[in-house]
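Here the structure is laid out as structure tokens; the discussion comes afterwards.
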Number of protein chains: 2
Amino acid sequence: MTAQQMRTPTPEGVVRAAAKIADLLPNTPLIEAAVNGRAVWFKAECLQPIGAFKIRGAWHRLSDLSPEEQARGVVGVSSGNHAQGVAWAARRLGIAATIVMPVDAPKVKLEATRALGANVVLYDRPGGEDRDEVAARLVEQSGATLVHAFADPWVIEGQGSAGIEIAAQLAARGLPGPSRIVCPCGGAGLTAGLALACPDAKIVPVEPEGWDDVRLSLEAGHIVGVPDPSVPTACDSLQTPATKPINFAVLRNRVSRVLVASPAEIRAAQRWAFANLHLVVEPGGAAGLAAVLAGKIEPDGQTVVVLSGGNTDAEAFAKVLTTQD
Amino acid sequence: MTAQQMRTPTPEGVVRAAAKIADLLPNTPLIEAAVNGRAVWFKAECLQPIGAFKIRGAWHRLSDLSPEEQARGVVGVSSGNHAQGVAWAARRLGIAATIVMPVDAPKVKLEATRALGANVVLYDRPGGEDRDEVAARLVEQSGATLVHAFADPWVIEGQGSAGIEIAAQLAARGLPGPSRIVCPCGGAGLTAGLALACPDAKIVPVEPEGWDDVRLSLEAGHIVGVPDPSVPTACDSLQTPATKPINFAVLRNRVSRVLVASPAEIRAAQRWAFANLHLVVEPGGAAGLAAVLAGKIEPDGQTVVVLSGGNTDAEAFAKVLTTQD
């Protein structure tokens, strides 16, 4: 990791990222809908051009690279959404992108990343191959810049731009700001970014069952990995074995409560978003909504739920829609 | 029909409707996406609170009723989206609403209409019962105001407010305006409204196979019903046996070309919107997109496609997602 990547992400950086992203992309809508008779605000990041918030951090990172760095290309590591974010930003900026993706990533994510012009290198996630080692080798060979999916100050600041938009969108509706932002949590790039963006809001990350390393880490007071990284989950986008120090440093001061959503709760959330919002939300993208629907958090009229992504295979989504649980 | 209902819808009325609706509802997003490498703009009306554009016309109509009229209630006739629009507006204004719906309407639409507090009266569409007669009896009994799903000047003006939003949203992106608006067409309330809203745009309605009465009417120069109203279609929201004079009067001066989408083209459009936009679009709502994807109209960078609704049963949508055609 270079010295430059070691800098601390800042609220000012989030504001700067938000301005850069506002020049490039329209705000995703903040949609109001009632949950058990109470108003909840949904930040529809599944409506981003790549179907997920990851476009934010990737754009902030890649557009801040020097011309020399841009010429050497970038390497990303991702199950799919960060992959598409990096590929999208790289294509727009004319940068060569190589993405390290798990062999068991959803087909739609592999195809979409390739369609955006990125070179995809597969690694054996089910077999336990270390994706960071694969990426490090590629960086060493090419001199490319590693764009980490969450442990990068630009990436954190970029994801936080969603929080700047949320605050402005609530203000436009006459509300003082988000009281709480409930967000899906994998490596905690989005969670850390939102914490920097919205200092007055409670940030409530939600992890899938078996992948609650952020919850365990905050309880322990230091970073702890998931107990068993072979536990299956439909939430491929939240399947991170452990968070990293740059993220944990933000979270330990700002997050007091981490929630966990079960597979059935996540499926119910996907069905609810289908029927009530007419949005396609992938399993990982629905974790925050799952916790709210399950009554783990009580909406107060200024509660915002981030629907972080919508990239899911048609067959998998059809199965969720027709499942009774 | 009262004298008041017989007035002609006007461009000024559309502008007034748009201002009323802007006070009530956020603009639905206008989303850019590439179709065969060309930019197309999608007006996501499936993201309205009731999941369809019909909330626009219903609001404009009901909020313009006098206190005496409001006290006597309203009667609507609809397969589901207009039903929900009228029920939503009526609840907001404290007006009693009775909706005449076909027994074979999608379950989600029946349930959603009842959940909004409306009294639902079923009629036998498959058996050929005339819904307008059922509604006329209810109006006679109660003195309520009939809110027709498309043959009503307020309803037409209200639906046209989508066109005012489209023009403003394109202007905000530096574009002069829509060159063409491709929209699903049932009774032609939306089509007529868009024609009034956007005088410089070509309006291209798209009907489902077997339900192309507007196409036949414009060819004949007078209103013609569908040849066989027993032809099945998944597009319940476009299943209108014939348009009405108030709509036809607008269309005959403004519409030169009506397209027809096949069932397979509509399913392909629903799958495309799922995968590329992460939106749930019902069969009728996808008719415009179906025509574009099928190459029946060539996008020119200022082509707008209205995705008019997203209310579809989970099982039906799952079946579309897993169909290969």
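In what follows, chains carry the letters A, B, and so on, assigned in the order in which the sequence lines appear, proteins first and then strands, with residues in each chain numbered from 1. Both backbone and side-chain heavy atoms feed into the values below; hydrogens, waters and symmetry mates do not.
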Within a reach of under 6.0 Å around CD of A:Glu315, are more than 12 heavy atoms found that belong to other residues, nucleotides or ligands? no
Under a 4.5 Å heavy-atom cutoff, which of A:Ala275, A:Ala172, A:Gly309, A:Gly310 has the most pairs with chain B? A:Gly310
Just so I understand: if I count every heavy-atom pair under 4.5 Å between each of A:Ile31, A:Thr322, A:Asn311 and chain B, which residue has the most? A:Asn311
Answer with side chain, backbone, both or neither: which region of A:Asp313 has an atom nearer than 4.5 Å to a non-hydrogen atom of chain B? backbone
By a 4.5 Å heavy-atom criterion (distance strictly below it), what part of A:Leu277 contacts chain B: side chain, backbone, both, or neither? backbone
Let me see the working for A:Arg38 and A:Asp300 under salt bridge (Lys or Arg N to Asp or Glu O under 4.0 Å), right down to the final yes or no. CA-CA 7 Å; A:Arg38 294 203 154 188; A:Asp300 63 1; over 6 Å; no
Please identify, among B:Ile50, B:Leu47, B:Val108, the residue contributing the most non-hydrogen atom pairs under 4.5 Å to chain A. B:Leu47
Closest-packed option against chain A by number of heavy-atom pairs under 4.5 Å, given B:Lys319, B:Arg271, B:Arg173: B:Arg173
Does any heavy atom of chain A fall under 4.5 Å from the side chain of B:Thr28, the backbone, both, or neither of them? neither
Any side-chain to backbone donor/acceptor pair from A:Gln84 onto A:Thr113? Under 3.5 Å, distance only. no
For the residue pair B:Lys54 / B:Gln159, report whether a side-chain donor-acceptor contact shorter than 3.5 Å exists. no
Run the salt bridge (Lys or Arg N to Asp or Glu O under 4.0 Å) check on A:Arg56 and A:Glu45 step by step: do they pass? CA-CA 10 Å; A:Arg56 298 175 179 276; A:Glu45 289 293 295; 2.7 Å; yes
Pair B:Phe42-B:Trp272, ring-ring contact (aromatic ring centres under 6.0 Å, His included): steps then yes or no: CA-CA 12 Å; B:Phe42 294 96; B:Trp272 192 92; 5.6 Å; yes
